[in-house]
Number of protein chains: 2
Amino acid sequence: MSSKPPMRDALVAAAFQLFLERGYEQTTIDDIVALAGVGRRSFFRYFPSKEDVVFPDHERCLADMTAFLASGGDEHEPVGRVCDAARLVLRMYNENPTFSVQRYRLTKKVPGLRAYELSVVWRYERALADYLRGRFAGRPDGTLQADVIAAAVVAAHNNALRSWLRSDGQRDAATEVDHALGYVQSAFGNPPASAAVQVQQQPEDVVVVVSRRDAPLWRVVQEIESALGRD
Amino acid sequence: MSSKPPMRDALVAAAFQLFLERGYEQTTIDDIVALAGVGRRSFFRYFPSKEDVVFPDHERCLADMTAFLASGGDEHEPVGRVCDAARLVLRMYNENPTFSVQRYRLTKKVPGLRAYELSVVWRYERALADYLRGRFAGRPDGTLQADVIAAAVVAAHNNALRSWLRSDGQRDAATEVDHALGYVQSAFGNPPASAAVQVQQQPEDVVVVVSRRDAPLWRVVQEIESALGRD
DNA sequence: CGCCAAGAGGGAACTGAGTCCCCTGAAGTC
DNA sequence: GACTTCAGGGGACTCAGTTCCCTCTTGGCG
């Protein structure tokens, strides 16, 4: 277990105090280190850039997510797995709601912080997409499907997250995210593994597909694709 | 028609020459303006930041996209509409393939440029999502669906775009993008136009779809979706 | 006890992006 | 011909981020 450096927390606290009372761009690194009572050099020891102090826990969360995805679990369904990985991010936000809401207000106002947040979110999305690419290896459009599903999961997660943040943490974050991710799973298939689909090929350039009405759409599409003989 | 300032183009040319021969971070603004034979102040007249010179045409393209989406077209199906909007971006890349490939190599290497590109892509995604939010107004999960579909369209577009850029522009960009967007439409869409598909509903919770083998997949999916009674 | 190695923290100078203010000169316009 | 206007330039300034080197502690070991 790594011991928590109090200096790092002191810098975050000092930074947010100044950001909130005078604005992000109006606060210099020197202001922060002066308030924290440390040297300017020490700031950059803990945070590689000024933006990083606004997202002090994302590095750890990203490591958690990659560890979660790397830790096997290949018996689970891939889309559900990345949805669970996305829930890890929500959990981090939920651990410190007031801080998350303050940061949300900040990033909403400052374009530079919005841009930085995008690069953070992008790394999460890459982690999910890379995992799905591994699981989809061999499928015809494996990387395409992996990228699209990862983007959809992140978008759904962020939609719910932001709606929760806008409510000042009043509503239930987990419920909102579950609902949003449910939409993605319904679109890309949370297969109940059974999926009763029968395919018969007939002559004359015609394909007949017989499907149970409640079969997941993606499963039907998969069968049609192979029946049509697309690469 | 706005007259094209040659100075702007000269700055882009000088910048890329130096970026390619010595690297992005190793090139200062002073190097660029010295090579272009203009004053340092003039650089920032045309480009608000050093990153902007790498994406000189995205501002115009984003304006084109918002104009396209704002210009009615509400008789068209929403998902197909945003797919067409995404194709505008591809068209811009395709207008200058060698430049696009050079820029791709650059952004792939320089983290700062990758981050900046994300903020550019994000603005496209917001434009698509805002349009869809308008079209989906009133639906239960309208904004959720809009955000997710916009993200999926952008991800599919970028997947195909990058695969084309990696091939040095050898493969056909339009074909790749059409295929990628077709996947998204098959997951979310109910698209337009013709295809020889017959649908018969039978009792007993079963659907039979008869399709010509060369029918476009998205069209088949559309018929299945409506046959299955999905909203 | 003295010595040394290592590492946390600090200070000062430097680079380079981006901003501000004001100057110059070359058009038009009346 | 005086006046405005505006693209362009020059130079000083701020601030983020880097580099180099210093100090102080800590702790191990002879």
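Per chain, numbering begins at 1; letters A, B, ... match sequence-line order.
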At less than 4.0 Å, is any side-chain N or O atom of B:Tyr46 found next to OP1 or OP2 of D:dA7? Yes or no.
no
Between C1' of D:dT18 and CZ of A:Phe47, the distance in whole Å
18 Å
Contacts satisfying salt bridge (Lys or Arg N to Asp or Glu O under 4.0 Å) that involve residues 18-38 of chain A (not counting sequence neighbours) are A:Arg22-A:Asp31, A:Asp30-A:Arg40
Spell out protein contact along nucleotides 12-22 of chain C as letters: B when the base is contacted, S when just the sugar-phosphate is, - when no protein heavy atom is under 4.0 Å; keep the 5' to 3' order.
----SBBBBB-
Can you confirm if the aromatic rings of B:Phe99 and B:Phe16 lie within a centre distance of less than 6.0 Å?
yes
Are the side chain of A:Arg81 and the backbone N or O of A:Leu69 linked by a donor-acceptor pair below 3.5 Å?
no
Can you measure A:Leu113 atom CG to D:dA16 atom P for me and round it to whole angstrom units?
13 Å
Pairing residues for A:Asp172 by the salt bridge (charged side-chain N to carboxylate O under 4.0 Å, His left out) criterion, not counting sequence neighbours:
none
Applying the side-chain contact (heavy atoms from CB on, under 4.5 Å) criterion to B:His157, which one of B:Val121, B:Val184, B:Leu90 satisfies it?
B:Leu90
